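In this text the structure is predicted, and so the values were computed from the model without any measurement.
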Amino acid sequence: LGAGPPRARRWPRVILTVVVLAMVAAAGYGAWWWLTQRPEDDPAPTASPTRTAAPDETATSARVIIIGTGFAGLGMAARLKRAGMDDFLILERAGDVGGTWRDNTYPGCACDVPSVLYSFSFAPNSEWSNTYSPQPEIWSYLQRVATEEGLLPHIRFDRTVEGARWDEDRRVWIVET
């Protein structure tokens, strides 16, 4: 009975929702497109090698550099690997993976969202001990994902990133550790 604005006033909200959803879909398509492109399809000139094999242990350059082994870093690395791109390095300042879940060990440290939502879609974990899993369990999950996805050879542990600058002439990022 008279609840809510008249129908005519709802249209701007509906249009805004559709526009936002279209933008999200386009961004998702753009990320998918970028991940599925082969290096030889890249129109931008680059001085970095276009190899797709995993860099060896002494590599000092790669097509992609990821900073950190928290959820975002490991997620990006896993998606690159699943898309067939192996020419990436992950720089990690500590001696193990895990980001904030490695670093924060205070009493009661746990996830504040249901753990089933706080895991990778490509690596679901049906064995969370609690709805809101404790820090050691989440850290262990990240270690397992890094191992199972074959990411450990790409990680350079104990490498603090001191800076990064764009070299316009060579069209590459120079990352200093």
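- Both W139 and V113 sit in one connected hydrophobic cluster of ILVMFWY residues. Membership requires side-chain heavy atoms under 4.5 Å apart, directly or through other members.
- Note that OG of S61 and CD1 of I174 are 9.5 Å apart. Values are rounded to the nearest 0.5 Å.
- Counting only heavy atoms from C-beta outward, the side chains of F157 and R93 never approach each other to under 4.5 Å.
- Y141 places no side-chain N or O within donor-acceptor distance of the main-chain N or O of W128, the cut-off being under 3.5 Å.
- Side-chain contact of D96 with Q143: a donor-acceptor pair under 3.5 Å is present, judged by distance alone.
- Considering every non-hydrogen atom in both A146 and V97, the closest pair reads CB-CG1, 4.2 Å.
- Within the 4.5 Å cutoff, the side chain of M76 has no heavy atoms near those of the F88 side chain.
- Contact annotation: the side chain of S133 never approaches that of Y118 to less than 4.5 Å [non-hydrogen atoms, C-beta and beyond].
- Classification of K81 and D86 as a salt-bridged pair holds, one side-chain N sitting under 4.0 Å from a carboxylate O.
- The shortest distance between side-chain heavy atoms of L142 and F120 falls below 4.5 Å.
- Looking at R102 and T69, their side chains come closer than 4.5 Å, going by heavy atoms from C-beta outward.
- Atom NE2 in H154 sits 9.0 Å away from atom CG in D87 (nearest 0.5 Å).
- Between the side chain of N130 and the backbone N or O of Y132 there is no donor-acceptor pair closer than 3.5 Å.
- I90 and F122 fall within a single hydrophobic cluster, where Ile, Leu, Val, Met, Phe, Trp and Tyr are joined by side-chain heavy atoms under 4.5 Å apart, directly or via other members.
- Here the shortest heavy-atom pairing between A78 and E149 reads CB-OE1, 4.0 Å.
- At a threshold of 4.5 Å between non-hydrogen side-chain atoms, the residues F71 and I138 count as touching.
- The CD1 atom of I67 lies 11.5 Å from the CG atom of L89; values are rounded to the nearest 0.5 Å.
- For the pair R156/T177, no side-chain contact is recorded, criterion being any heavy-atom separation below 4.5 Å from C-beta on.
- In this structure, L80 and I66 have side chains that are in contact, with non-hydrogen atoms separated by less than 4.5 Å.
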